[in-house]
Participant: 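Handing you this structure, nothing more for now.
Values below: every heavy atom of this structure, side chains too, minus hydrogens, waters and symmetry copies. All chains are named by letter (A, B, ...) in the order of the sequence lines, taking the proteins before the strands, and each is independently numbered beginning at 1.
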Amino acid sequence: MALVKIREILDGNCNDKSVSVRGWVYRKREGKELIFLVIRDSTGVIQCTVKKASEAAWAEAQKLTIESSLVLDGLVKPDKRAPGGFEIAAEAVSIIGLADVFPIAKDKSEEFIRDMRHLWLRSRKMNLVMKVRGNVMEYTREYFKKQGYTEVSPPMFISAAVEGGSTLFGLKYFDQDLYLTQSSQLYLEILIYSLEQVFCIAPSFRAEKSRTIRHLTEYWHIEGEWPFATMDDLMKFEEGLMEHVCKRVAENCQKEFAELGADINKLAAVKAPFPRITYAEAIDRLKVKNPALNWGDDLGYEDEKVLAEDFGKPFFVYDYPTAIKAFYCKTYSDRPEVALSVDMMVPRIGEISTGGQREEDKEMLIKRMQAQGLKPEDYEWYLDLRRYGTVPHVGFGMGLERLLTWMLDLENIMDAIPFPRTTRRFYP
RNA sequence: GCCGUCGUGGCUCAGCCCGGUAGAGCGGCUGGCUGUUAACCAGUCGGUCAAAGGUCCGAAUCCUUUCGACGGCGCCA
């Protein structure tokens, strides 16, 4: 009796064989002479039949409730009547853990399944989304590593703000006040002086009271940083990363996309180079519909959406006004009002990544800090990077959950992470 | 922070506009039946209508406040 994963049966590799599956009861339909059990494991679901004639198995199957765990032995046959096309005729059923009445049933609201997240993660939908998520993380690492980047581990506890400071979560660290990081960028900047090309996939925390389908207070941030590079290198890297991840997902996640009803062709169509427009061009385009918009205004979500619908695929907007960008953004020497920064946008979600060239000149950096009301003395270690062998360098950060929300066309970013944290939700 | 929508058995909802003894489906339980596809049929259990206050002879329904959830803006990835 071979122990198999349900996927092996569904792939047609177990026909006319006696197998053993371990899993949980997904559905149960009970009759006088026949019980249908649909069993799930991490790899899929399979229908099993229990006949009254096999008395021991019948007695056990009668006791089973939805989500009870069990081991089931039986003979695999292809069967057109079974969902999935294969079926196990059960010979033995052994209950491992008999479940109480499962609270999640056919009728459920978003609110309810979010309160029941610890149980809802067993659903087909969450199972499939989490598999795609795992693959996207893997393919991201694959691309960085192929390009010679070293994965590094930045800290989550930090002692000073990375950008403004208003959106940082503060916390008590013994007797001191610390913060949770909102980006690992500054720490990656430290590491490039040792490792040159570095990246991380790490949590970032934002205390923004945003109430939208694309915001989390804790999200996973794909960040890269490297020296001796230009804006063109940066955009080429980012579009290369997107193309690689989309291609690999399109190759290996077909079953997941099909069952989720997501359009995998959208990913196959992601090819570098991506369209690039400057911020000034974006303003010109948007002015047609929104005459109130002027150079210097930040692009709102609605504006990004209008642009994104025009392109219908990922694209870049670059050369933003310095005034709306962070202190570390490098500016053009002949146009200090313009920063060497770039955002990647996708339809429906808007920004999924932000990056740019960092200011490598110490005096320029101090001026930018002062202009934004930041105290240079709070950033001594950051200024040291410009004192000891400064180099031109670039970097970017991409929101993993925003990427997934776009890829899978999820209704809400909360479904792109197993345990979403938002302004109002942090349970379980 | 501002704005909007919602809150009725375990779950999903109707009832609210126009006040007059709280309804259905699912789930549970009991029984029946069926190669079923989140089956079907019959019966049954189950609700201080989010909370507090007000108006009224009478409030799930009208008014006020609070709480919670969701979404939009701003901000961001």
Side-chain angles (χ1 to χ4, degrees), chain A residues 25-38 40 45-52 65-67 77 79-85 87 89 100-116 119-120 123-124 162-168 181-185 201-223 238 297-305 324-326 342-346 349-355 396-406 411-414 416-417 420 422-425 427:
Chain A
V25 177
Y26 185 62
R27 302 278 185 266
K28 181 184 178 184
R29 293 179 283 273
E30 195 168 0
K32 201 163 71 176
E33 303 285 335
L34 188 61
I35 295 173
F36 293 97
L37 294 174
V38 181
R40 64 169 186 85
V45 298
I46 180 95
Q47 176 163 294
C48 311
T49 55
V50 185
K51 294 227 165 80
K52 200 170 187 178
T65 48
I66 300 293
E67 286 303 313
K77 292 274 188 192
D79 195 318
K80 282 183 186 147
R81 297 170 297 185
E87 191 172 80
D100 289 356
V101 176
F102 201 62
I104 302 174
K106 183 171 67 178
D107 299 313
K108 53 201 177 295
S109 60
E110 287 298 303
E111 180 177 355
F112 182 67
I113 58 177
R114 282 172 190 158
D115 287 338
M116 290 287 143
L119 301 176
W120 180 238
S123 67
R124 292 299 300 150
V162 170
E163 294 174 32
S166 57
T167 60
L168 285 168
T181 185
Q182 60 174 210
S183 164
S184 298
Q185 178 199 321
I201 303 178
S204 280
F205 305 88
R206 303 256 167 124
E208 296 157 0
K209 291 191 176 169
S210 304
R211 311 204 37 73
T212 78
I213 57 159
R214 60 190 186 283
H215 282 88
L216 295 166
T217 51
E218 175 182 341
Y219 69 96
W220 285 70
H221 214 166
I222 299 162
E223 293 178 273
E238 281 200 63
D297 295 336
D298 208 349
L299 298 181
Y301 175 55
E302 287 304 318
D303 302 317
E304 291 174 6
K305 228 162 54 171
I324 58 172
K325 285 289 166 183
V342 57
D343 288 357
M344 189 192 291
M345 316 264 183
V346 295
I349 311 300
E351 281 175 63
I352 65 164
S353 108
T354 291
F396 71 97
M398 184 179 289
L400 172 61
E401 290 80 12
R402 284 194 177 176
L403 176 60
L404 283 162
T405 303
W406 171 73
E411 281 181 23
N412 192 301
I413 197 167
M414 284 193 244
I417 187 167
T422 66
T423 55
R424 297 186 186 178
R425 200 169 274 283
Y427 171 93

Participant: Send over the distance from A/Gln182 CD to B/rC76 C1', rounded to a whole Å.
Facilitator: 9 Å
Participant: By nearest heavy atom, map A/Pro83 and A/Ile349 onto RNA chain B; which one lands nearer the 5' end?
Facilitator: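 Mapping each residue to its closest nucleotide by heavy atoms, the 5'-most match is A/Pro83.
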Participant: For the pair A/Lys28 and A/Glu67, evaluate salt bridge (Lys or Arg N to Asp or Glu O under 4.0 Å) and give the outcome as yes or no after the intermediate values.
Facilitator: CA-CA 10 Å; A/Lys28 181 184 178 184; A/Glu67 286 303 313; over 6 Å; no
Participant: Would you say A/Arg27 reaches B/rA38's phosphate, i.e. side-chain N/O to OP1/OP2 under 4.0 Å?
Facilitator: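 No.
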Participant: Compare the minimum distances between each of B/rU12, B/rC33, B/rU37 and the side chain of A/Ser109, then state the nucleotide with the smallest one.
Facilitator: B/rU12
Participant: Find which nucleotide of RNA chain B each of A/Lys106 and A/Leu216 is nearest to by heavy atoms, and output the residue with the more 5' nucleotide.
Facilitator: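 Closest to the 5' end, via its nearest nucleotide, is A/Lys106.
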Participant: With sequence neighbours left out, write down each residue that passes salt bridge (charged side-chain N to carboxylate O under 4.0 Å, His left out) with A/Asp303, or none if nothing qualifies.
Facilitator: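 Testing A/Asp303 for salt bridge (charged side-chain N to carboxylate O under 4.0 Å, His left out), a comparison that skips the adjacent residues, returns none.
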Participant: What's the spacing between A/Met414 CE and A/Ile213 CD1 if we round to 0.5 Å?
Facilitator: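 So the gap between those two atoms works out to 10.0 Å.
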Participant: Hey, is the side chain of A/Gln47 pairing donor to acceptor with the base of B/rU36 inside 3.5 Å?
Facilitator: yes
Participant: Just to verify, what does A/Glu302 make a side-chain hydrogen bond (donor to acceptor under 3.5 Å, both in side chains) with, not counting sequence neighbours?
Facilitator: none
Participant: I'd like to check the salt bridge (charged side-chain N to carboxylate O under 4.0 Å, His left out) partners of A/Asp79; sequence neighbours left out, ordered by chain and number.
Facilitator: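 A/Asp79: salt bridge (charged side-chain N to carboxylate O under 4.0 Å, His left out) contacts with A/Arg81.
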Participant: Who pairs with A/Arg124 by salt bridge (charged side-chain N to carboxylate O under 4.0 Å, His left out), at least two apart in sequence or on another chain?
Facilitator: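 In terms of salt bridge (charged side-chain N to carboxylate O under 4.0 Å, His left out), with neighbours along the sequence ignored, A/Arg124 is linked to A/Glu259.
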Participant: Under 3.5 Å, which N/O atoms of the protein pair with N/O atoms of nucleotides 28-31 of chain B?
Facilitator:
none

Participant: Taking the six-membered ring for Trp, does A/Phe36 stack with B/rG35 (centroid gap under 5.5 Å, planes within less than 30°)?
Facilitator: no
Participant: Under 3.5 Å for both donor-acceptor distances, Watson-Crick or wobble: does B/rA22 have a partner, and if so which one?
Facilitator: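 Its partner is none (no Watson-Crick or G-U wobble pair with both distances under 3.5 Å).
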Participant: Find the partner of B/rG27: check Watson-Crick (N1-N3 plus N6-O4 or O6-N4) and G-U wobble (N1-O2, O6-N3) distances, both under 3.5 Å, and reply none if neither fits.
Facilitator: none
Participant: With both distances kept under 3.5 Å, what pairs with B/rC62, Watson-Crick or G-U wobble?
Facilitator: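 For B/rC62, the partner nucleotide comes out as B/rG54, under the 3.5 Å rule.
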Participant: List the protein contact pattern of nucleotides 41-47 of chain B with one symbol per nucleotide (5' to 3'): B for base contact, S for sugar-phosphate-only contact, - for none; contact means a heavy-atom distance under 4.0 Å.
Facilitator: -------
Participant: Excluding sequence neighbours, so at least two apart, what forms side-chain hydrogen bond (donor to acceptor under 3.5 Å, both in side chains) with A/Asn412?
Facilitator: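 Residues passing side-chain hydrogen bond (donor to acceptor under 3.5 Å, both in side chains) with A/Asn412: none at all.
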Participant: Identify all pairs in which a protein N or O lies below 3.5 Å from an N or O of nucleotides 68-73 of chain B, and state each distance.
Facilitator:
| from | atom 1 | to | atom 2 | distance (Å) |
| --- | --- | --- | --- | --- |
| B/rA69 | OP1 | A/Arg424 | O | 2.8 |
| B/rA69 | O3' | A/Arg425 | NH2 | 3.1 |
| B/rA69 | O2' | A/Glu111 | OE1 | 3.2 |
| B/rA69 | N7 | A/Arg424 | NH1 | 3.4 |
| B/rC70 | OP1 | A/Arg425 | NE | 2.8 |
| B/rC70 | OP1 | A/Arg425 | NH2 | 3.4 |
| B/rC70 | N4 | A/Arg424 | NH1 | 3.4 |
| B/rG71 | OP1 | A/Asn412 | ND2 | 2.1 |
| B/rG71 | N7 | A/Arg211 | NE | 3.1 |
| B/rG71 | N7 | A/Arg211 | NH2 | 3.4 |
| B/rG71 | O6 | A/Arg211 | NE | 3.3 |
| B/rG72 | OP2 | A/Arg211 | O | 3.2 |
| B/rG72 | OP2 | A/Ile213 | N | 3.1 |
| B/rG72 | N7 | A/Arg211 | O | 3.3 |
| B/rC73 | OP1 | A/Glu302 | OE2 | 3.2 |

Participant: Applying side-chain hydrogen bond (donor to acceptor under 3.5 Å, both in side chains), can you list everything that pairs with A/Thr423, at least two apart in sequence or on another chain?
Facilitator: A/Arg211
Participant: Under the salt bridge (charged side-chain N to carboxylate O under 4.0 Å, His left out) test, which residues partner A/Lys52, sequence neighbours left out?
Facilitator: none
Participant: Would you tabulate the side-chain donor-acceptor contacts of residues 396-405 of chain A under 3.5 Å, counting partners in other chains and residues two or more places apart, or write 'none'?
Facilitator:
| from | atom 1 | to | atom 2 | distance (Å) |
| --- | --- | --- | --- | --- |
| A/Glu401 | OE1 | A/Trp220 | N | 3.0 |
| A/Glu401 | OE2 | A/Arg133 | NH1 | 2.9 |
| A/Glu401 | OE2 | A/Arg133 | NH2 | 3.3 |
| A/Glu401 | OE2 | A/Trp220 | N | 3.3 |
| A/Arg402 | NE | A/Arg214 | O | 3.0 |
| A/Arg402 | NH1 | A/Glu351 | O | 3.0 |
| A/Arg402 | NH2 | A/Arg214 | O | 3.1 |
| A/Arg402 | NH2 | A/His215 | NE2 | 3.4 |
| A/Thr405 | OG1 | A/Glu401 | O | 2.6 |

Participant: What does B/rC40 pair with, Watson-Crick or G-U, if both distances are under 3.5 Å?
Facilitator: B/rG32
Participant: I'd like to check A/Leu34 versus A/Lys51 (side-chain heavy atoms, cut-off strictly below 4.5 Å). Are they in contact?
Facilitator: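 Yes, their side chains come closer than 4.5 Å.
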Participant: Mind checking what makes ring pair (Phe, Tyr, Trp, His ring centres under 6.0 Å) contact with A/Tyr26, not counting sequence neighbours?
Facilitator: none
Participant: Does A/Ser204 put a side-chain nitrogen or oxygen below 4.0 Å from OP1 or OP2 of B/rA77?
Facilitator: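 Negative; the distance criterion is not met.
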Participant: Partner lookup for B/rG1, please. Criteria are Watson-Crick or G-U wobble with both distances under 3.5 angstrom; report none if nothing qualifies.
Facilitator: B/rC73
Participant: Applying a 3.5 Å limit to both distances, which nucleotide forms a Watson-Crick or G-U wobble pair with B/rC6?
Facilitator: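 Paired with B/rC6, as far as the under-3.5 Å criterion goes, is B/rG68.
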Participant: Reckon A/Tyr219 touches a base, only the sugar-phosphate, or nothing at all at heavy-atom distances under 4.0 Å?
Facilitator: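 Since a base atom lies under 4.0 Å of A/Tyr219, the category is base.
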Participant: Looking at every strand, decide which applies to A/Glu30 at a 4.0 Å heavy-atom threshold: base, sugar-phosphate, or nothing.
Facilitator: base
Participant: Look at all strands and tell whether A/Pro103 reaches a base, only sugar-phosphate, or nothing, counting heavy atoms closer than 4.0 Å.
Facilitator: nothing
